[in-house]
Amino acid sequence: MSTEREQFGSRLGVILAIAGSAVGLGNIWRFPYIAGENGGALFIICYVIILFCIGLPILMTELSIGRAAKKSVGYAFETLEPKGTKWHYFKYLIIAGGVLICAYYPVITGNILYYLCGVVDGSLLDKGISAHDQYQDLVVENSYKTVCFSLIAILFCACCSWFGIKKGIETVTKPLMFLLFIFLVVLCGYSLTLDGASKGLELFFVPNFEDMTLKSFLNMFHAALGQVFFTLGVGAGTILAYASYMKKGQSLFNESIIIASLDTIAAILAGVIIFSICTSYSISVGAGPVLVFESMLTIFKEMPGGHLFGSVFFLLLFAAAITSFISMYESTNSFMIDSFNVSRKTAITINTILVGVLILPACFASSFLADVKPFGMDIISFEDFIASNVLLVGGAFIFSLFCFTRYGWGMRRFIRSVNSGEGVKLSRFTIGYIKYAIPMFIFIVFVLGLIV
Ligand code: PHE
């Protein structure tokens, strides 16, 4: 196996690539509606506390393992585990989370691409047809369109990965992330000028303790924890894969704070945009996963400048989704490269065929397979539940045990790896907290995820 590993060209490149992995559908599409369903402001306070107290240390475990091993999850455990231990068996469970997300994430990305094209050429802005009917047309009547657009999204990612880390992934994610943040700020400014914006802001920022029960609190807590894992994209080996191409210049505590902050800023901006628009146009913020497709399109049909506003919005959503999908793709590619010693191009070819087949159940979830309802959920919701609530949480638990206990890599090596480089370092106080509290919290999430 070759020991020369490609690296990101710049610190900004690696931060934007990892932030690009974190900032995705989870922030712009999932966060606002989950916040809407779970009490708005209270959920957001809970989410931010959990993100920095639990999500941040887990992000550091993946970053430090990847940077120290210089390998993806396909060979990272083998490189760092104490002799004779069997941590590497867990790599299959970890990569399974990423693969399962690849089975539905490109489908939603493909839907966004379809909406982007339809809004840009104006065909979806026809006022004679309702946004609801247009969505049904895509996912039920003409689900082959979902397949085509998902395949285009997959091929786009394959092309980015084909050119490698610096020339492919870094070149694409850097400008896309810049554009994304600029668009978010512009759209946020615009949405604040809408008539109902102040009502949206109140819902989003002012906590309401009325009607709070223990059960609703536990539900909100669990939803916030799940959102943190999904939005940071931890537990699937994705961050680990990117970290394996990182240079040693900066402390990982430093980089984690920047990445988590960018992710939170993106989510808050998206929340303000969507809440302001929803309260201005009397749309329920708890409308669920279809919110972005049906409600936003309704708004773009009605509002002055809807063509431009809608094109920018779907472009933004597509950019966010694609940078996250590229990271999942890279994680499975590098897994194959490191585990089976194949070339990058062979790994990409196999992966593209594999993902192209895996997406089919999700593509037909509302048409031919509408009657298939494992545990009462449609196929996409079921895949999302198993990936986010079981596999990502399980993966994060394994990473934390590996880093924090003496049976694995161990706390001393972990801290040395996190603190090496310039910037903010982990203090003694945080070390005690991380070692005991984090695995316990993750375990609680895991159990809560299965019973609540
Ligand atoms: N963080 C991504 C998002 O918010 C999703 C993701 C999950 C990315 C797992 C990588 C791994 O959309």
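Model, not experiment: these values are computed from the prediction.
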- Task: Taking N419 for its side chain and R416 for its backbone only, find out whether a donor-acceptor pair lies under 3.5 Å.
- Result: no
- Query: Between the side chain of S388 and the main-chain N/O of F385, is any donor-acceptor distance below 3.5 Å?
  - Reply: no
- Task: Evaluate side-chain contact (heavy atoms from CB on, under 4.5 Å) for I434 paired with M60, printing each intermediate quantity in order.
- Result: CA-CA 11 Å; I434 286 175; M60 282 189 285; 4.3 Å; yes
- Message: Centroid separation under 6.0 Å, is that true for the rings of F77 and F90?
- Response: no
- Is the side chain of T231 donor-acceptor paired with the backbone N or O of Q227 at a distance under 3.5 Å, no angle test? no
- Specify whether Y105 and F325 have parallel, tilted or perpendicular ring planes, treating 30° as the upper limit for parallel and 60° as the lower limit for perpendicular. parallel
- Message: Are the side chains of R30 and L25 in contact, using a 4.5 Å heavy-atom criterion?
- Response: no
- Message: If you apply the rule side-chain contact (heavy atoms from CB on, under 4.5 Å), what do you find for K71 with E78, and how did you get there?
- Response: CA-CA 10 Å; K71 290 278 177 262; E78 281 91 335; over 6 Å; no
- Message: I'd like to know if the side chain of S251 and the backbone of V424 have a donor-acceptor N/O pair within less than 3.5 Å.
- Response: yes
- Message: To the nearest 0.5 Å, what is the distance between CZ on F309 and OG on S191?
- Response: 6.5 Å
- Task: For residues I268 and F204, determine if any side-chain heavy atom of one lies less than 4.5 Å from a side-chain heavy atom of the other.
- Result: yes
- Message: Whether the side chain of E81 engages the backbone of H88 through a donor-acceptor N/O pair (distance < 3.5 Å, no angle test) should be reported.
- Response: yes
- Item | T323 side chain vs A320 backbone, donor-acceptor pair below 3.5 Å | yes
- Query: Once the angle between the rings of F397 and F443 is folded into 0 to 90°, is it parallel (under 30°), tilted (30 to 60°) or perpendicular (over 60°)?
  - Reply: tilted
- Message: Quick one, F300 with L124, criterion side-chain contact (heavy atoms from CB on, under 4.5 Å). Give me CA distance, side-chain angles, the key distance, then yes/no.
- Response: CA-CA 10 Å; F300 299 138; L124 280 176; over 6 Å; no
- Message: Tell me the closest heavy-atom pair linking L426 and F414, and the distance in Å.
- Response: CD1-CE2, 4.5 Å
- Task: Look at the aromatic rings of F375 and F382 and report parallel, tilted or perpendicular, splitting at 30° and 60°.
- Result: parallel
- Query: Quick one: are F402 and L80 in side-chain contact, heavy atoms under 4.5 Å?
  - Reply: yes
- Assign the ring pair F43 / Y47 to parallel, tilted or perpendicular, where the plane angle (0 to 90°) is split at 30° and 60°. parallel
- Report the C-alpha distance between K91 and D338 in whole Å, list the side-chain angles of each, state the deciding distance to 0.1 Å, and finish with yes or no for salt bridge (Lys or Arg N to Asp or Glu O under 4.0 Å). CA-CA 12 Å; K91 68 183 178 187; D338 291 340; over 6 Å; no
- Query: Do the side chain of R344 and the main chain of S161 share a donor and acceptor less than 3.5 angstrom apart?
  - Reply: yes
- Item | Separation between CG of L201 and OG1 of T279, rounded to the nearest 0.5 Å | 7.5 Å
- Would you check if the side chain of S72 reaches a backbone N or O of G74 as a donor-acceptor pair within less than 3.5 Å? yes
- Query: So which heavy atom on G408 is nearest to which on W87, and how close?
  - Reply: CA-NE1, 3.5 Å
- Rounding to 0.5 Å, atoms CG (L391) and CG (L100) come to a distance of 6.0 Å
- Query: Below 4.5 Å, heavy atoms only, C-beta onward: do I398 and I94 meet side chain to side chain?
  - Reply: yes
- Task: Find the distance between CZ (F313) and CD1 (I273) and round it off to the nearest 0.5 Å.
- Result: 7.0 Å
- Message: As a test of understanding, state which of E330, K70, R67 forms a side-chain hydrogen bond (donor to acceptor under 3.5 Å, both in side chains) with Y245.
- Response: E330
- Item | Closest heavy-atom pair and its distance - A158, Y329 | CA-CE2, 3.7 Å
- Query: Where is the tightest heavy-atom contact between A362 and A103, given as atom of each residue plus distance?
  - Reply: CB-O, 3.4 Å
- Can you measure from CG (L56) to CG (D263) and round to the nearest 0.5 angstrom? 11.0 Å
- Message: Please evaluate residues D384 and Y104 with respect to the criterion side chain to side chain donor-acceptor pair (under 3.5 Å), reporting the C-alpha separation (whole Å), side-chain torsions for both, the decisive distance (0.1 Å), and the verdict.
- Response: CA-CA 8 Å; D384 184 44; Y104 66 90; 2.6 Å; yes
- Task: Supply the atom-to-atom distance L184 CG to C188 SG, rounded to the nearest 0.5 angstrom.
- Result: 8.0 Å
- Closest heavy-atom pair and its distance - A396, F229: CB-CE2, 3.3 Å
- Quick one: do the T146 and S143 side chains pair a donor with an acceptor below 3.5 Å? no
- Query: Pick one: which of L232, T238, L16 meets side chain to side chain contact (heavy atoms under 4.5 Å, CB included) with S21?
  - Reply: T238
- Message: Is the shortest side-chain heavy-atom distance between Y433 and C53 below 4.5 Å?
- Response: yes
- Using atom types as modelled and distance alone, determine if a side-chain donor or acceptor of N351 lies under 3.5 Å from a backbone N or O of A347. no
- Message: I want to check something: taking the side chain as every heavy atom from C-beta on, are C102 and L358 in contact at a cut-off of under 4.5 Å?
- Response: no
- side-chain contact (heavy atoms from CB on, under 4.5 Å) assessment of L151 paired with I154: CA-CA 5 Å; L151 288 177; I154 293 170; 4.3 Å; yes
- Does any non-hydrogen side-chain atom of L315 lie less than 4.5 Å from one of L179? no
- N27 and A266 have their tightest heavy-atom pair at ND2-CB, 4.1 Å
- Query: Between the main-chain N or O of S327 and the side-chain N or O of S331, is there a donor-acceptor pair closer than 3.5 Å?
  - Reply: no
- Query: With side chains defined as the heavy atoms from C-beta onward, is the minimum distance between Y242 and L63 less than 4.5 Å?
  - Reply: no
- Give the ring-plane orientation class for Y92 versus F335, where under 30° counts as parallel, over 60° as perpendicular and anything between as tilted. perpendicular
